Number of protein chains: 2
Amino acid sequence: MRESEKEIVRSLPLFSGMAPDHFEIMLKGSFLQKFPATVVLFSEQDHTDFLHVLVDGQVELFANANNREGTMTLIKPVATFVLASALADGAYQLSARTLQTSQILMIPAENIREVMALDSDFAQKTIVELAECYHGVVRAYKNIKLRTAVERLANYLLVQNRRQGDNDGLVLPVEKRTLASMLGMTPENLSRAFNTLKPYGVVIDGAEISLNNLSDLETLAKPSAHIDAN
Amino acid sequence: MRESEKEIVRSLPLFSGMAPDHFEIMLKGSFLQKFPATVVLFSEQDHTDFLHVLVDGQVELFANANNREGTMTLIKPVATFVLASALADGAYQLSARTLQTSQILMIPAENIREVMALDSDFAQKTIVELAECYHGVVRAYKNIKLRTAVERLANYLLVQNRRQGDNDGLVLPVEKRTLASMLGMTPENLSRAFNTLKPYGVVIDGAEISLNNLSDLETLAKPSAHIDAN
DNA sequence: CGACGATTTGAATAGGATCAATGGGAGTGG
DNA sequence: CCACTCCCATTGATCCTATTCAAATCGTCG
């Protein structure tokens with residue numbers, strides 16, 4: 001693993017502020033792996049002893065049941081995933097596939113536990129990270145339970161617009177069918193939802209979306225600090 | 001706080017095995033409070049510095065958005081709740097109300113952090129508890145995203161049947177309207193879902209449900225170890 | 001160019017919500 | 001003890017949202 005890659009990992013809030021020797025203990029036995037796009041990394045029923053860090057690329061976490069499949073979340077670099085599984089019983093709860101060529105750092109869960117015992121500051125950060133993962137799922141759960149498909153899309157657009165610099169527009173970071181699955185609808189329904197938003201100033205050109213009437217869109221979306229992420 | 005009540009709290013996996021003096025540190029400044037039924041304990045936007053332990057009674061966690069309300073989960077004694085909020089930023093993500101007269105122990109979050117630093121075994125248990133909370137929400141999220149209302153009800157009945165001793169029947173632990181909200185449907189739709197399940201051996205008599213054809217019900221429900229809790 | 005998959009559109013259907021009305025229990029007060 | 005009230009639960013009718021199936025269009029890439 002190159003120094004530059006180490007620095008990328010170290011820049012995560014979870015690892016920043018960690019003593020260098022603790023960081024080295026953690027990386028002992030870790031390995032950085034490169035995967036092509038569209039590869040299934042693991043399945044719900046699998047078992048893991050590694051914390052994963054997506055260093056580069058894009059990963060989709062999804063689940064299957066009753067012959068249906070749904071995207072649960074999208075991971076963008078740099079971020080950890082399956083933290084809870086690695087720290088608890090080791091059972092993945094979700095399947096994962098790469099959406100793009102991706103580099104993933106695998107850290108033995110045992111190392112995490114070892115450093116947590118040595119470094120109570122890191123233990124605290126791990127707790128906070130885990131708590132944030134929890135809140136993330138709670139948000140997603142509220143989103144799908146309390147909003148209609150059009151509302152979910154409208155709020156998604158508002159969040160992306162904010163993240164991409166408040167330029168009254170955004171570029172979709174994933175294919176529309178993946179977005180549809182993440183928002184809990186079919187691709188056909190996503191297409192119709194976009195049409196429904198046209199009167200609210202939403203103009204679609206492939207993956208590029210313009211938002212020409214934010215205030216109307218917000219009136220429809222009713223964004224909530226308790227559901228929508230930053 | 002009585003010794004008998006302390007023992008109840010101590011019986012939780014999170015606190016069992018904790019050294020007595022650590023347990024006392026944790027309880028310092030804690031208080032046990034009694035609430036009548038139908039009382040809102042806190043709201044989504046509130047802020048907390050306490051871990052809550054439901055010692056007796058029943059509590060519903062719910063959320064509001066767009067003039068809608070939905071039950072997120074039901075807490076039954078003895079269990080902790082809002083662990084993630086207490087340990088992280090202190091923001092509740094959910095509102096809570098009592099469904100019955102309830103006794104709740106409030107433990108200062110600061111105490112938890114203090115004992116975690118002293119006792120790495122407790123820190124590890126806290127992590128595991130938090131990871132299990134996370135997995136619980138992921139299960140709920142998959143449940144609502146991948147199953148229809150009838151399937152969710154069928155699986156709920158199978159889980160309750162198992163929990164209540166595999167006696168081909170069960171007693172609903174909550175009012176049907178609360179169950180409906182928890183399963184993500186209207187009371188009317190729950191009523192119809194029960195009717196849909198009649199051909200599968202489901203007989204309803206108030207809160208008492210008989211399951212007279214488990215194998216057909218399972219065929220419909222397609223229970224999954226990755227969604228349904230134990 | 002041709003093939004393949006993603007996206008969009010249309011039509012029909014299903015799942016679920018809403019509105020309205022009725023039945024049924026539990027609790028209250030006379 | 002009984003009547004009354006209130007809220008929960010059920011049923012019917014209708015509407016709306018979203019899925020399914022089918023077909024056409026668009027884009028990308030070899």
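Chain A is the first sequence line, chain B the second, and so forth, proteins listed ahead of strands; every chain is numbered from 1. Since we're looking at a predicted model, the values are computed, not measured.
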### Query
How does protein contact run along nucleotides 13-19 of chain C, one letter per nucleotide 5' to 3', with B for base contact, S for sugar-phosphate only, - for none, heavy atoms under 4.0 Å?
---SSBB

### Query
Does any pair with a residue in residues 195-224 of chain B pass salt bridge (charged side-chain N to carboxylate O under 4.0 Å, His left out), and if so which ones, sequence neighbours excluded?
none

### Task
Kindly state each residue pair satisfying salt bridge (charged side-chain N to carboxylate O under 4.0 Å, His left out) with at least one member in residues 142-158 of chain B, sequence neighbours excluded.
A:Glu44-B:Lys142, A:Arg68-B:Glu151, B:Arg147-B:Asp228

### Message
Rounded to whole Å, please give me the gap between NZ in B:Lys176 and P in C:dG24.
### Response
13 Å

### Message
Output the rounded distance in Å from CD (A:Glu175) to P (C:dG5).
### Response
12 Å

### Query
So how far off straight is the helix from C:dC1-D:dG30 to C:dG30-D:dC1, going by the axes through five pairs at either end, to 10°?
30°

### Task
State which residues pass side-chain hydrogen bond (donor to acceptor under 3.5 Å, both in side chains) with A:Arg97; sequence neighbours excluded, sorted by chain then number.
A:Glu60, A:Glu69

### Query
Taking only residues two or more places apart in sequence, or in another chain, which ones meet A:Gln45 in a side chain to side chain contact (heavy atoms under 4.5 Å, CB included)?
A:Ser43, B:His226

### Query
Does B:Ala221 have any side chain to side chain contact (heavy atoms under 4.5 Å, CB included) partners at least two apart in sequence or in another chain, and if so, which?
B:Ala154, B:Asn155, B:Leu158, B:Pro223

Taking salt bridge (Lys or Arg N to Asp or Glu O under 4.0 Å) as the definition, give me every residue that meets it alongside [X], ordered by chain and number, with sequence neighbours left out.
X	value
A:Glu7	none
A:Arg162	none
B:Asp46	none

### Task
Examine B:Phe42 together with B:His52 and report whether their ring centres are nearer than 6.0 Å.
yes

### Task
Provide the start and end nucleotides, 5' to 3', of the part of DNA chain D that has atoms under 4.0 Å from heavy atoms of chain B.
D:dC8 to D:dA13

### Query
By ring-ring contact (aromatic ring centres under 6.0 Å, His included), which residues pair with A:Phe62, not counting sequence neighbours?
none

